[in-house]
Trainee: 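First the structure, then my questions, so here it is.
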Protein chains: 2
Amino acid sequence: MRVTIAEVARRARVSKTTVSRVLNNKADVDAATAVRVREVIAATGYIPSAGAVGLARGVTRTVGMLVPGVTWPWMGEVLQGVADVLEAKGYGLLLSTASRGADSLDGFSRRVSAKAFDGLLLVEPPDAVRHLRVLHDSGLPVVMIDDRGRRPAFPSVGTDNRRGGAAAARHLLDTGRTRLATVTGPHGFGCTSDRLNGFHDGVREAGLALDPRLIIEGDFTSESGEAAILQLLATGPEFDAVFAHNDLTAAGVLAGLRKAGRAVPEDVAVIGFDDVPLAAHTQPPLTTIHQPLREMGESAARQLLAQLAGAPPPEAPVIVPTSLVVRESTGAPRTAG
Amino acid sequence: MRVTIAEVARRARVSKTTVSRVLNNKADVDAATAVRVREVIAATGYIPSAGAVGLARGVTRTVGMLVPGVTWPWMGEVLQGVADVLEAKGYGLLLSTASRGADSLDGFSRRVSAKAFDGLLLVEPPDAVRHLRVLHDSGLPVVMIDDRGRRPAFPSVGTDNRRGGAAAARHLLDTGRTRLATVTGPHGFGCTSDRLNGFHDGVREAGLALDPRLIIEGDFTSESGEAAILQLLATGPEFDAVFAHNDLTAAGVLAGLRKAGRAVPEDVAVIGFDDVPLAAHTQPPLTTIHQPLREMGESAARQLLAQLAGAPPPEAPVIVPTSLVVRESTGAPRTAG
DNA sequence: CTGAAAGCGCTTACAG
DNA sequence: CTGAAAGCGCTTACAG
């Protein structure tokens, strides 16, 4: 039999009101009474029912999180960052997946309407979500986590794709490369243009320019990286470095270069973007631009909690900076004979 | 202003009882009345408050899930499997992480006591969890997902590590290898001994035996794989194949062989275990024993839901079989000169 | 410092 | 077929 506040009150010979007061550390409770109540609580192992407290107070101390899917290699880090700060503050995390399309969104918006959580974290939300009427109507605090660089419809945290691209260019230039190629992400993604523009920035700062024939569009798969390199090798101008817009593409680039008999980093340097677990285990290990995924998760969760506490939502997106992780796929070029 | 059942009742000119009845599709409601109520529900966009329903009914339609951490490479698949079946059935998923140690477990057991969910999924639970008094006291339905092969304290789903080990041996033998080495997981893990025993089984079935000097203990890191190979190469007997107890270790084995100038698969074949995303991108791509992680998640979730529906917990662990994924790290050996 | 009562938004016997 | 009332387990004015 579950012990309730009524049972605690009975045993401590006080009213439920008083028990509630000591539970919530309100002032104005006689010290001796409080001690007695606490003893009963400890003895019975009483924990207030989350549901009942929620109904009475109108809050759930639970945060919803909608993610496109949870198998993406970088999702784990984001999730862990979120979970860490939420748990530290005693909040629950109600996870929803948009992997089943419209059905998922239906179920999800039901939960919104059912007030199953106090606030919401949206990771790279499908466009449909931004138009969910319930979200706007409900006045639910929302924070978006998005590295796609779209104009946010909600307060958001992202990373600095443009500076990351610039850092990639600088690193290649600094290590003696001169003819830089790029395999981009899909056209139309904000992060693709940001990373590419940043790469341009970095090259331009050095007083150089990118050869447009060395910019190939990929689609974030390793296949696209390999195909791009093979094409470049067959028909393009010479190059001594490749910036791939994500690590998977970079892995494909490495595979393509290997097939063609080009040594990395001696003949060609390769740099990726993301720093997923894979990056440390390619051959050679991949230099890459680290996305601060865990920090983004933490930051988003903290912001949401602040809003729940009454803080106004920040008007500008919060940006967590990228960083350069140097491994072995970049390094000194083969000394010209 | 949120619309409540009282508001719906008022607008439809019936009692809350009747609204509740049509909401829950009870029989014995006049057809015309039901239509009227449904119209009001549609017009107002009314959704019952999850908290209120939960309090009245005593269930939350939410399942808790405790995981050791969410950044492990194979966690995503398990989570996705769980999420898919839970969402399809309209259940919520309340995710908890044990990554902050005792603190996490405290917060977690509070939620158990607070009846924040109807049932619980435990992934490779820390030993502390199995002794949580609340779990036993609360009578909460629990299903464990564990590939560590420990004797389960709860109904559980696992995979067949032993058969997986045997399949690895068979594959190596079938492709012409004769001197098989192994880099195991840490001593004391149930899965380590299962995979090793299975490997023995496979070798024995062929009428052969394992050379004990070719069995090296690793710790599931790529470093341990590389170190093991280097040691074997330096001081051990000859070998032409390596079975690593997980893919990360196998990646280390590949790195060690490369440093030593041994070609894979020509000189040495390598097979891993798990089939994490990394496995498809090592050089060469890794043949491995696939763990059915997503299916394990699905199966566990389905079982838990069945228990919530009143089914008795299965007495024996449910086993989802592994499968062999052949890539390029195994294949024909160099023809003996 | 303390308690009786109303209320949070539902469901469920019970009575008609 | 329908509704008034009690109950789920808390919190919170309000009164003393």
Side-chain angles (χ1 to χ4, degrees), chain A residues 1-38 40-41 44-62 90 110-118 138, chain B residues 1-38 40-41 44-62 90 110-118 138:
Chain A
M1 200 54 235
R2 207 185 131 66
V3 16
T4 68
I5 197 175
E7 172 70 7
V8 173
R10 198 181 59 68
R11 295 209 199 185
R13 312 193 164 290
V14 294
S15 69
K16 295 187 297 176
T17 308
T18 295
V19 176
S20 175
R21 275 196 271 254
V22 348
L23 240 23
N24 298 292
N25 297 308
K26 307 267 187 202
D28 297 335
V29 178
D30 178 81
T33 312
V35 167
R36 186 153 35 96
V37 172
R38 270 187 243 281
V40 174
I41 290 174
T44 54
Y46 169 67
I47 304 277
S49 148
V53 174
L55 183 56
R57 269 214 275 256
V59 302
T60 59
R61 282 192 79 82
T62 294
R110 281 206 132 248
R111 284 186 184 277
V112 173
S113 305
K115 286 243 176 270
F117 35 75
D118 301 340
S138 64
Chain B
M1 202 53 234
R2 208 186 129 67
V3 15
T4 68
I5 197 174
E7 172 70 6
V8 173
R10 197 182 60 68
R11 295 209 200 186
R13 313 194 162 286
V14 294
S15 68
K16 295 187 298 177
T17 307
T18 295
V19 176
S20 175
R21 274 195 272 254
V22 347
L23 240 24
N24 299 292
N25 297 309
K26 307 268 186 198
D28 297 335
V29 177
D30 179 82
T33 311
V35 167
R36 187 153 34 95
V37 172
R38 270 187 243 281
V40 175
I41 290 175
T44 54
Y46 169 68
I47 305 275
S49 148
V53 174
L55 183 56
R57 270 214 275 253
V59 301
T60 59
R61 283 191 78 82
T62 295
R110 282 206 129 246
R111 285 187 183 277
V112 174
S113 306
K115 287 241 176 271
F117 35 74
D118 300 341
S138 63

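Throughout, a chain's letter reflects where its sequence line sits, starting with A, and its residues are numbered from 1.
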Trainee: What is the distance from CD1 of B/I5 to P of C/dC10, rounded to the nearest Å?
Mentor: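 That distance rounds to 6 Å.
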
Trainee: Whole Å only: how far is the CG atom of A/L55 from the C1' atom of C/dG9?
Mentor: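 Taking CG of A/L55 and C1' of C/dG9, I get 5 Å after rounding.
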
Trainee: It should be established whether A/T4 places a side-chain nitrogen or oxygen under 4.0 Å from OP1 or OP2 of nucleotide D/dC8.
Mentor: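 For D/dC8, neither OP1 nor OP2 has a side-chain N or O of A/T4 closer than 4.0 Å.
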
Trainee: Under the salt bridge (charged side-chain N to carboxylate O under 4.0 Å, His left out) rule, collect the residues that match up with A/R10, sequence neighbours excluded.
Mentor: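 Applying salt bridge (charged side-chain N to carboxylate O under 4.0 Å, His left out) to A/R10 gives A/E7.
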
Trainee: What nucleotide, of C/dC10, D/dT2, D/dT11, holds the atom closest to the side chain of B/T18?
Mentor: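 It is D/dT2.
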
Trainee: Remember a base hit wins even if backbone is also touched, and classify B/T17 as base, sugar-phosphate or nothing at under 4.0 Å, heavy atoms.
Mentor: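 Counting heavy atoms under 4.0 Å across all strands, the contact made by B/T17 includes a base.
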
Trainee: Is a donor on one side and an acceptor on the other found under 3.5 Å between the side chain of A/S20 and the backbone of A/K16?
Mentor: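 It does not hold such a pair.
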
Trainee: Paired with C/dA13 by Watson-Crick or G-U wobble geometry, both distances under 3.5 Å: which nucleotide is it?
Mentor: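 Answer to the pairing question: none, since C/dA13 forms no Watson-Crick or G-U pair.
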
Trainee: Just the rounded figure in Å: distance from P of C/dG3 to CG of A/D30.
Mentor: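 About 11 Å, once rounded to whole Å.
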
Trainee: Among D/dC1, C/dT11, D/dT11, find the nucleotide with the atom closest to the side chain of B/T33.
Mentor: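 Nearest nucleotide to the side chain: D/dC1.
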
Trainee: Quick one: pull up CZ in A/R2 and OH in A/Y46 and give me the separation to the nearest 0.5 Å.
Mentor: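 Answer for the CZ-OH pair, A/R2 versus A/Y46, is 7.0 Å.
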
Trainee: Has the side chain of B/R21 got a donor or acceptor atom sitting under 3.5 Å from an opposite partner on the base of D/dG3?
Mentor: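 Answer is yes: a donor-acceptor pair is held.
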
Trainee: Considering every strand shown, what is the Watson-Crick or G-U wobble mate of C/dA4 when both distances are under 3.5 Å?
Mentor: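 Base-paired to nothing in any strand shown.
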
Trainee: Figure out the CZ/P separation between A/R2 and D/dC8, and round it to whole Å.
Mentor: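 Checked: the CZ to P distance equals 13 Å.
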
Trainee: Between atom CD1 of A/I41 and atom CD1 of A/I47, what is the distance when rounded to the nearest 0.5 Å?
Mentor: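 CD1 of A/I47 is found 9.0 Å from CD1 of A/I41.
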
Trainee: Once you round it to whole Å, what is the distance between P of D/dG3 and CG of B/L23?
Mentor: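 Distance check: B/L23 CG to D/dG3 P gives 15 Å.
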
Trainee: C/dG3, OP1 or OP2 - any side-chain N/O from A/S15 closer than 4.0 Å?
Mentor: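 Answer yes for this pair, as a side-chain N or O of A/S15 is under 4.0 Å from OP1 or OP2.
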
Trainee: Remember a base hit wins even if backbone is also touched, and classify A/D28 as base, sugar-phosphate or nothing at under 4.0 Å, heavy atoms.
Mentor: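 Base, at least one base atom sits under 4.0 Å.
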
Trainee: Would you mind classifying the nucleic acid contact of B/K26 as base, sugar-phosphate or nothing, using non-hydrogen atoms under 4.0 angstrom?
Mentor: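 Sugar-phosphate contact only.
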
Trainee: What is the separation between atom CG on B/N25 and atom P on C/dT12, rounded to the nearest whole Å?
Mentor: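 From B/N25 CG to C/dT12 P: 13 Å.
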
Trainee: Given 3.5 Å as the limit, does a donor-acceptor pair link the side chain of A/R36 with the main chain of A/A12, or not?
Mentor: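 Flag set: sc A/R36 to bb A/A12 pair under 3.5 Å.
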
Trainee: As an exercise, state the distance from NZ of B/K115 to OG1 of B/T62, rounded to the nearest 0.5 Å.
Mentor: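 OG1 of B/T62 is found 13.5 Å from NZ of B/K115.
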
Trainee: Quick one: the side chain of A/S20 and the base of D/dT12, do they pair up donor-acceptor inside 3.5 Å?
Mentor: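 A donor-acceptor contact between them is absent.
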
Trainee: Does B/R57 or B/V29 map to a spot on DNA chain D nearer the 5' end, using the closest nucleotide for each?
Mentor: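 Checking each residue's closest nucleotide, the 5'-ward one belongs to B/V29.
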
Trainee: Rounded to the nearest Å, what distance is computed from the CZ atom of residue A/R13 to the P atom of nucleotide C/dG3?
Mentor: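 One finds 12 Å between P of C/dG3 and CZ of A/R13, rounded.
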
Trainee: Expressed as a whole number of angstroms, how long is the span from A/R36:CZ to C/dT2:C1'?
Mentor: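 Nearest whole value for this atom pair: 11 Å.
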
Trainee: Assign each of B/A56 and B/V14 to its nearest nucleotide of DNA chain D by heavy atoms, then name whichever residue's nucleotide is nearer the 5' end.
Mentor: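 It is B/V14 whose nearest nucleotide is closer to the 5' end.
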
Trainee: Counting only side-chain heavy atoms from C-beta out, which of C/dC10, D/dT12, D/dG9 sits nearest to B/K16?
Mentor: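 Per side-chain heavy atoms of B/K16, the pick is C/dC10.
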
